[in-house]
S.K.: 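To start, I am sharing the structure in question, which I have written as structure tokens.
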Amino acid sequence: MAAKPLPPPPAPRLYLATPQIDDPAPLAAALPALFAAQDVAALLLRLAPSDPRSLITRAKAIAPAVQKAGVALLLDGEPELVARSGADGAHLHGIAALKEFADKLQPDRIAGVGGLRTRHDAMLAGEIGADYVLFGEPEREGQRPASDAIAERLQWWVELFEPPCVGYALSFEEAEEFAAAGADFVLVGDLIWNDARGPAAALADAAAAIARGYQAVLAAHAAASGAAPR
């Protein structure tokens, strides 16, 4: 009896990063409509530098609009504030931060990680137990690998490892490319907030780009299994 073909991988989902937030009120007001229109898995909350009490207050002001929509709220680089702010987890920068905070966040909260410059770093993050790995975010100077190198890293990870991977997209074309490479999530940030048409139109275009990339994944899966793509 022939073995049943493996099911296709699930569709990639949006991971939305905010600008650096000082006043949380405009963002809190804008988020419900964005989440109602598009399937967003998580929000990465970037807080402008301030004292811990102010940062916690800002995060608490954002949390209801995020979590009521079933979206996970992650703090960017503020793992020590996660519990007090009511966030669902933190995005950590580099292996050292993951080693320090993974056990403090897990298993109740998410510990994702970026700043993985080499394959060795990525594999080490997986061994430590990162809930996801992020590829493609710019360094402080704004430099990052070419998009095809990021796509290659995503494809390598998907083929060999279990934890989800995230592709950091700076354009709609990259969002499609990273979805086609097999990313579980595609992170978009300035691409959405800097669009002259407004974030709703930009987020819709990002979702459409991811859907196009996923069609390529389905076609490849169908070809490998000998089935017609849906």
S.K.: Which pair of heavy atoms, one from Val113 and one from His91, lies closest together, and at what distance?
M.R.: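 Looking at all heavy atoms of both residues, the closest pair is C-CE1, 3.6 Å.
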S.K.: Could you check Trp193 against Val188 for side-chain contact (heavy atoms from CB on, under 4.5 Å), going step by step and ending with a plain yes or no?
M.R.: CA-CA 9 Å; Trp193 306 106; Val188 291; over 6 Å; no
S.K.: Please identify each residue that fulfils salt bridge (charged side-chain N to carboxylate O under 4.0 Å, His left out) with Glu177, with sequence neighbours left out.
M.R.: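 By the salt bridge (charged side-chain N to carboxylate O under 4.0 Å, His left out) rule, Glu177 matches no residue at all.
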S.K.: Roughly how far, to the nearest 0.5 Å, is the CD1 atom of Ile95 from the CG atom of Leu116?
M.R.: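 It comes to 5.5 Å.
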S.K.: Should Asp51 and Arg53 count as an ion pair when the cut-off is N to O under 4.0 Å?
M.R.: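 Answer for the salt bridge query: no.
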S.K.: Any idea which heavy atoms bring Ala111 and Gln106 closest together, and the distance?
M.R.: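 In terms of heavy atoms, the two residues are closest at CB-NE2, 3.9 Å.
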S.K.: With sequence neighbours excluded, what pairs up with Asp131 under the salt bridge (charged side-chain N to carboxylate O under 4.0 Å, His left out) test?
M.R.: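 Salt bridge (charged side-chain N to carboxylate O under 4.0 Å, His left out) check on Asp131 returns nothing, list empty.
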S.K.: Taking the side chain as everything from C-beta on, heavy atoms only, tell me whether Arg197 gets closer than 4.5 Å to Asp205.
M.R.: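 A side-chain contact under 4.5 Å exists here.
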S.K.: Do Phe172 and Val166 belong together in a cluster built from hydrophobic side chains that touch within less than 4.5 Å?
M.R.: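 Result: no, two separate clusters.
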S.K.: Check the pair Ile62 / Leu31 against side-chain contact (heavy atoms from CB on, under 4.5 Å), numbers first and verdict last.
M.R.: CA-CA 9 Å; Ile62 296 293; Leu31 288 175; 4.1 Å; yes
S.K.: Leu44 vs Leu187, test: side-chain contact (heavy atoms from CB on, under 4.5 Å). Steps then yes/no.
M.R.: CA-CA 9 Å; Leu44 180 62; Leu187 188 148; 4.1 Å; yes
S.K.: How long is the span from the OH atom in Tyr168 to the CD1 atom in Ile150, to the nearest 0.5 Å?
M.R.: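 The CD1 atom of Ile150 is 10.5 Å from OH of Tyr168, to the nearest 0.5 Å.
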S.K.: Starting at CG of Asp22, measure out to CG of Leu47 and round the result to the nearest 0.5 Å.
M.R.: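 If we round to the nearest 0.5 Å, Asp22:CG and Leu47:CG are 9.5 Å apart.
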S.K.: Which residues pass the salt bridge (charged side-chain N to carboxylate O under 4.0 Å, His left out) test with Asp148, sequence neighbours left out?
M.R.: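 Asp148 satisfies salt bridge (charged side-chain N to carboxylate O under 4.0 Å, His left out) with no residue once adjacent residues are dropped.
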S.K.: State yes or no: are the ring centers of Phe178 and Phe135 separated by less than 6.0 Å?
M.R.: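 No: the rings miss the under 6.0 Å criterion.
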S.K.: Does a side-chain heavy-atom distance below 4.5 Å link Ile21 with Pro24?
M.R.: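 A side-chain contact under 4.5 Å exists here.
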S.K.: With sequence neighbours left out, which residue pairs that include part of residues 85-98 fulfil the salt bridge (Lys or Arg N to Asp or Glu O under 4.0 Å) condition?
M.R.: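 Matches after skipping sequence neighbours: none remain.
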S.K.: Contact between Trp157 and Pro163 at the side-chain level, heavy atoms closer than 4.5 Å - yes or no?
M.R.: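 Of all side-chain heavy-atom pairs linking Pro163 with Trp157, at least one is under 4.5 Å.
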S.K.: So which heavy atom on Asp121 is nearest to which on Gly115, and how close?
M.R.: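 Residues Asp121 and Gly115, closest heavy atoms: OD2-O, 4.5 Å.
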S.K.: Among the clusters formed by ILVMFWY side chains lying less than 4.5 Å apart, do Leu34 and Leu45 turn up in the same one?
M.R.: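 Yes, Leu34 connects to Leu45 through the hydrophobic network.
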S.K.: Would you call Tyr15 and Tyr132 a side-chain contact if the rule is heavy atoms closer than 4.5 Å?
M.R.: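 Side chain of Tyr15 against side chain of Tyr132, heavy atoms only: contact under 4.5 Å found.
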S.K.: Crowded around Glu162 CD? As in, over 12 foreign heavy atoms under 6.0 Å?
M.R.: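 No.
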S.K.: Which value, rounded to the nearest 0.5 Å, describes the distance between Arg109 atom CZ and Lys104 atom NZ?
M.R.: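 Rounded to the nearest 0.5 Å, the CZ-NZ separation comes out at 14.0 Å.
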S.K.: Answer with yes or no whether the hydrophobic clustering places Leu134 together with Ile210; edges join I, L, V, M, F, W, Y residues whose side-chain heavy atoms lie under 4.5 Å apart.
M.R.: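 In one cluster with Leu134: Ile210, no.
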S.K.: Could you check whether any side-chain heavy atom of Gln20 comes within less than 4.5 Å of a side-chain heavy atom of Pro49, counting everything from C-beta outward?
M.R.: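 With C-beta onward as the side chain, the pair touches.
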S.K.: Could you see if Ile110 belongs to whatever hydrophobic cluster contains Leu43? Use Ile, Leu, Val, Met, Phe, Trp, Tyr and a side-chain cutoff under 4.5 Å.
M.R.: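 No, Ile110 does not connect to Leu43 through the hydrophobic network.
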S.K.: By the rule that ILVMFWY residues connect when side-chain heavy atoms come within less than 4.5 angstrom, directly or transitively, which residues belong alongside Val158?
M.R.: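 Once heavy-atom contacts under 4.5 Å are chained together, Val158 still belongs with nothing else.
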S.K.: Rounded to the nearest 0.5 Å, what separates atom CG in Leu92 from atom CG in Leu98?
M.R.: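 Rounded to the nearest 0.5 Å, the CG-CG separation comes to 6.0 Å.
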S.K.: Checking Glu174 side chain against Ser147 main chain: does a donor-acceptor pair fall under 3.5 Å?
M.R.: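 Not a single qualifying donor-acceptor pair exists.
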S.K.: Check for a donor-acceptor pair, side chain of Arg58 on one end and backbone N or O of Ala48 on the other, with a separation under 3.5 Å.
M.R.: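 Checking the backbone N and O of Ala48 against the side chain of Arg58, a donor-acceptor pair under 3.5 Å is found.
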S.K.: Which heavy-atom pair separates Leu14 from Ala207 by the least distance, and what is that distance?
M.R.: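 The answer is CD1-CB, 4.1 Å.
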S.K.: For Glu100, give me all partners under salt bridge (charged side-chain N to carboxylate O under 4.0 Å, His left out), at least two apart in sequence or on another chain.
M.R.: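 Expected list: none.
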S.K.: For Glu152, is there an ion pair with Arg119 - N to carboxylate O distance below 4.0 angstrom?
M.R.: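 Between Glu152 and Arg119 there is a salt bridge, with a charged N closer than 4.0 Å to a carboxylate O.
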S.K.: Can you confirm whether Arg153 sits close enough to Cys165 that some side-chain heavy atom of one is under 4.5 Å from a side-chain heavy atom of the other?
M.R.: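 Side chain of Arg153 against side chain of Cys165, heavy atoms only: no contact under 4.5 Å found.
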S.K.: Is Leu170 close to Leu191 at the side-chain level, that is, under 4.5 Å between some pair of heavy atoms?
M.R.: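 No, too far: nothing below the 4.5 Å cut-off.
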S.K.: Got a second to check how far Met123's CE is from Ile128's CD1, nearest 0.5 Å?
M.R.: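 Output value for this atom pair is 12.5 Å.
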S.K.: With heavy-atom distances below 4.5 Å as the criterion, would you say the side chains of Leu81 and Leu75 are in contact?
M.R.: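 Side-chain contact under 4.5 Å: yes.
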S.K.: Are the side chain of Arg13 and the backbone N or O of Asp184 linked by a donor-acceptor pair below 3.5 Å?
M.R.: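 Pair absent, no side-chain N/O of Arg13 close to backbone of Asp184.
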S.K.: So which atom in Phe185 and which in Ala41 form the shortest heavy-atom distance, rounded to 0.1 Å?
M.R.: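 Where Phe185 meets Ala41 most closely, the heavy atoms are CE2-CB, 3.6 Å.
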S.K.: Tell me the closest heavy-atom pair linking Val186 and Ala169, and the distance in Å.
M.R.: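 Looking at all heavy atoms of both residues, the closest pair is CG1-CB, 3.8 Å.
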S.K.: Walk me through it: do His221 and Leu218 pass the test side-chain contact (heavy atoms from CB on, under 4.5 Å)?
M.R.: CA-CA 5 Å; His221 180 271; Leu218 293 179; 5.5 Å; no
S.K.: In terms of hydrophobic clustering (I, L, V, M, F, W, Y; side-chain heavy atoms under 4.5 Å; direct or indirect links), are Leu124 and Leu105 co-clustered?
M.R.: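 In one cluster with Leu124: Leu105, yes.
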S.K.: Distance-only, no hydrogens or angles: does the Arg144 side chain make a donor-acceptor pair with backbone N or O of Gly136 under 3.5 Å?
M.R.: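 Looks like yes, one N/O pair under 3.5 Å.
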